[in-house]
Amino acid sequence: MIALVDCNSFFCSVEKVFHPGLNGKPVCVLSCNDGCIVALTPEAKALGLRRGDPIFKKKDIVQHYGVKLFSTNMYLYAAMSKRVNNILRSAVPHSEVYSIDESFLYLDGLEKYHDLEDYMRGVVEKVRLYTDIPVSVGIAHTKTLAKIGSKFAKQYKGYHSVCMIDNEEKRRKALALFDLSDVWGIGKQTLAKLNYLGIRTPLEFADKKESWVRSHFSKPGWQTWKELNGISCIDTSEVAQRQTICTSRSFGNLVTDYDALQASVASFAASCANKLRGQHSLTSAVTVFVSSNRFREDLTQYSNGQTRILPMPTSDTIEITQAALSVLKEIYREGISYKKTGVILGDITDASYIQQNLFDEVKNRPERMQLMKSIDALNHRFGLRKIHLAVEGEEKQAWHAKSEFRSGNYLSDLKEILTIQI
DNA sequence: TCTGGGGTCCTAGGACCC
DNA sequence: TCTGGGGTCCTAGGACCC
């Protein structure tokens with residue numbers, strides 16, 4: 001059996017841990033630039049707010065009902081996620097982190113000694129006690145069914161946070177009641193196709209013959225069908241190395257100045273290089289893209305991107321930044337108000353398989369690698385960006401994202417740690 | 001005034017080979 | 001008048017996820 005542990009409105013729950021007065025109140029966490037709602041509590045949902053809503057369009061609701069807003073604070077959420085995962089890992093022999101707020105737990109063998117539902121309720125309680133994060137759990141033979149279970153567990157109090165779908169009767173009942181569009185793997189397009197084919201519930205889909213499914217859908221649809229019928233076939237095992245690494249941001253203000261654009265691209269390139277070294281990889285393809293604000297119909301629209309192939313795979317911030325800036329120079333067009341830039345590293349390989357190149361122009365690679373290691377160590381110890389390339393510019397530039405409502409880095413910065421008055 | 005970021009997998013079709 | 005068959009590899013774009 002597989003359990004899916006899902007943190008309830010995770011980003012909001014983390015903020016509530018450090019602002020306990022917000023319990024039972026409508027809370028929203030916003031995307032970068034305080035643009036859209038990315039997480040919200042049931043209380044906020046009840047006011048008609050939805051994930052993805054641009055917050056400036058909902059100002060009236062926010063003001064009238066006193067909805068508490070937070071800017072996104074990924075460092076804090078990542079630190080909290082780690083704590084939750086540590087507890088989950090210690091509870092079962094094998095687990096997989098699926099996303100920042102979800103983990104799959106493999107329960108094989110535990111059923112000999114425990115009632116699985118009771119056991120997982122114990123885990124839920126432990127997570128709540130140690131981290132104050134509420135979680136919902138679904139247990140089933142497949143991941144897709146476990147996810148459905150976790151949604152029921154979240155929705156109905158009677159489950160006490162854990163819903164197990166472990167027999168045919170429960171499976172059919174769950175599939176008949178569940179919303180087709182909420183099934184893992186069924187997105188907008190597949191939903192439209194299923195509806196067109198006359199299918200309204202997950203049960204109707206699951207009850208179709210395999211040959212029918214194979215003739216109308218390709219591999220992903222077929223897999224979902226099997227999972228709904230209790231045949232496990234989706235592999236979510238974690239990859240050691242990402243195949244692409246991307247850092248991109250929308251700006252707080254429109255940018256026309258080339259130096260500012262250059263500073264943004266250099267910062268994103270440095271961030272990518274840092275992530276790259278973090279997973280012990282090298283890249284040999286650096287892509288840069290720029291775009292104007294697609295919502296501003298009154299301004300000239302422009303977006304472009306280009307890739308530079310490097311002669312040698314590298315993880316050197318200086319080399320990657322140079323490549324990125326040379327691409328920017330080519331795709332930059334004067335007279336455009338830019339809203340967003342980004343850097344993508346591709347063609348990623350393992351750092352241990354380094355190939356020598358006869359025509360390599362960088363002669364001191366080992367020393368340069370050592371330099372990067374030292375910079376990473378210093379930045380780790382004294383704070384992000386303590387040492388950076390001059391071209392990245394200084395803190396708080398015009399292009400930086402807005403984050404008006406960011407809470408403190410309570411778990412990672414001594415200067416921002418909470419003080420409690422007793 | 002204000003509209004997110006970072007990924008994966010799959011497939012069709014093009015380019016190329018003998 | 002008639003113009004093959006069978007592969008592989010790569011890539012862009014679509015669909016989906018959180």
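Every chain is numbered from 1 and lettered A, B, ... according to where its sequence line falls, protein lines coming before strand lines.
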Between atom [atom1] in [X] and atom [atom2] in [N], what is the gap in whole Å?
X: I148(A); N: dC17(C); atom1: CD1; atom2: P; value: 12 Å
X: I234(A); N: dC10(B); atom1: CD1; atom2: C1'; value: 13 Å
X: K402(A); N: dC2(B); atom1: NZ; atom2: P; value: 7 Å
X: D347(A); N: dC9(C); atom1: CG; atom2: C1'; value: 14 Å
X: E96(A); N: dC17(C); atom1: CD; atom2: C1'; value: 15 Å
X: F10(A); N: dC17(C); atom1: CZ; atom2: P; value: 21 Å
X: E238(A); N: dC18(C); atom1: CD; atom2: C1'; value: 14 Å
X: F11(A); N: dG6(B); atom1: CZ; atom2: C1'; value: 12 Å

Side-chain N or O of [X] versus OP1/OP2 of [N]: is the shortest distance under 4.0 Å?
X: T244(A); N: dG6(B); result: no
X: K219(A); N: dC16(C); result: no
X: S250(A); N: dG5(B); result: yes

As a test of reading the structure: which of [options] is closest to the side chain of [X], going by heavy atoms?
X: K147(A); options: dA15(C), dC17(C), dT11(B); value: dC17(C)
X: K339(A); options: dG5(B), dC2(B), dT11(B); value: dC2(B)
X: R242(A); options: dT8(B), dC18(C), dT3(B); value: dT8(B)
X: E102(A); options: dC18(C), dG4(B), dG6(B); value: dC18(C)
X: C36(A); options: dG4(B), dC17(C), dT8(B); value: dG4(B)
X: W184(A); options: dC17(C), dG4(B), dT3(B); value: dC17(C)
X: K275(A); options: dG7(B), dG4(B), dC10(B); value: dG7(B)
X: S218(A); options: dC2(B), dG4(B), dT11(B); value: dT11(B)

Using a 4.0 Å heavy-atom cut-off across all strands, classify [X] as base, sugar-phosphate, or nothing.
X: T72(A); result: nothing
X: I55(A); result: nothing
X: K193(A); result: nothing
X: V97(A); result: nothing
X: I100(A); result: nothing
X: K58(A); result: nothing
X: R296(A); result: sugar-phosphate

Most 5' of S248(A) and Q223(A) on DNA chain B, judged by nearest nucleotide: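 Taking each residue's closest nucleotide, the earlier one in sequence belongs to S248(A).
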Earlier contact from the 5' end, DNA chain B, for D34(A) and Q241(A):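 Looking at DNA chain B, the more 5' nearest nucleotide goes with D34(A).
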Whether Y258(A) and Y332(A) hold their rings parallel, tilted or perpendicular, with breakpoints at 30° and 60°: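 The rings of Y258(A) and Y332(A) stand perpendicular, inter-plane angle above 60°.
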Centroid-centroid distance, F205(A) to F217(A), less than 6.0 Å: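 Yes: the rings meet the under 6.0 Å criterion.
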Stacked cation flag K143(A) on F104(A), 6.0 angstrom / 45 deg: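 Here K143(A) passes the 6.0 Å and 45° test against F104(A).
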Single hit among K275(A), Q241(A), Q243(A) for side chain to side chain donor-acceptor pair (under 3.5 Å) with S281(A):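 Considering K275(A), Q241(A), Q243(A), a side chain to side chain donor-acceptor pair (under 3.5 Å) with S281(A) is found only for Q241(A).
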Residues R308(A), E330(A): salt bridge by 4.0 Å N-O rule: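 E330(A) and R308(A): salt-bridged.
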Salt-bridge present (E125(A), R121(A); N to O < 4.0 Å):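 No salt bridge links E125(A) with R121(A).
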Distance, P atom - from dT3(B) to dC18(C), rounded to whole angstrom: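 The answer is 25 Å between these two P atoms.
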Donor-acceptor pair (no angle test) under 3.5 Å: K59(A) side chain, dT1(B) base: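 In this structure, the two groups form a donor-acceptor pair.
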Under-3.5 Å donor-acceptor pair between R249(A) side chain and dG6(B) base: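 Answer no: no donor N or O sits under 3.5 Å from an acceptor.
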Smallest separation among heavy atoms of L310(A) and A323(A), with atom names: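 Residues L310(A) and A323(A), closest heavy atoms: CD2-CB, 3.6 Å.
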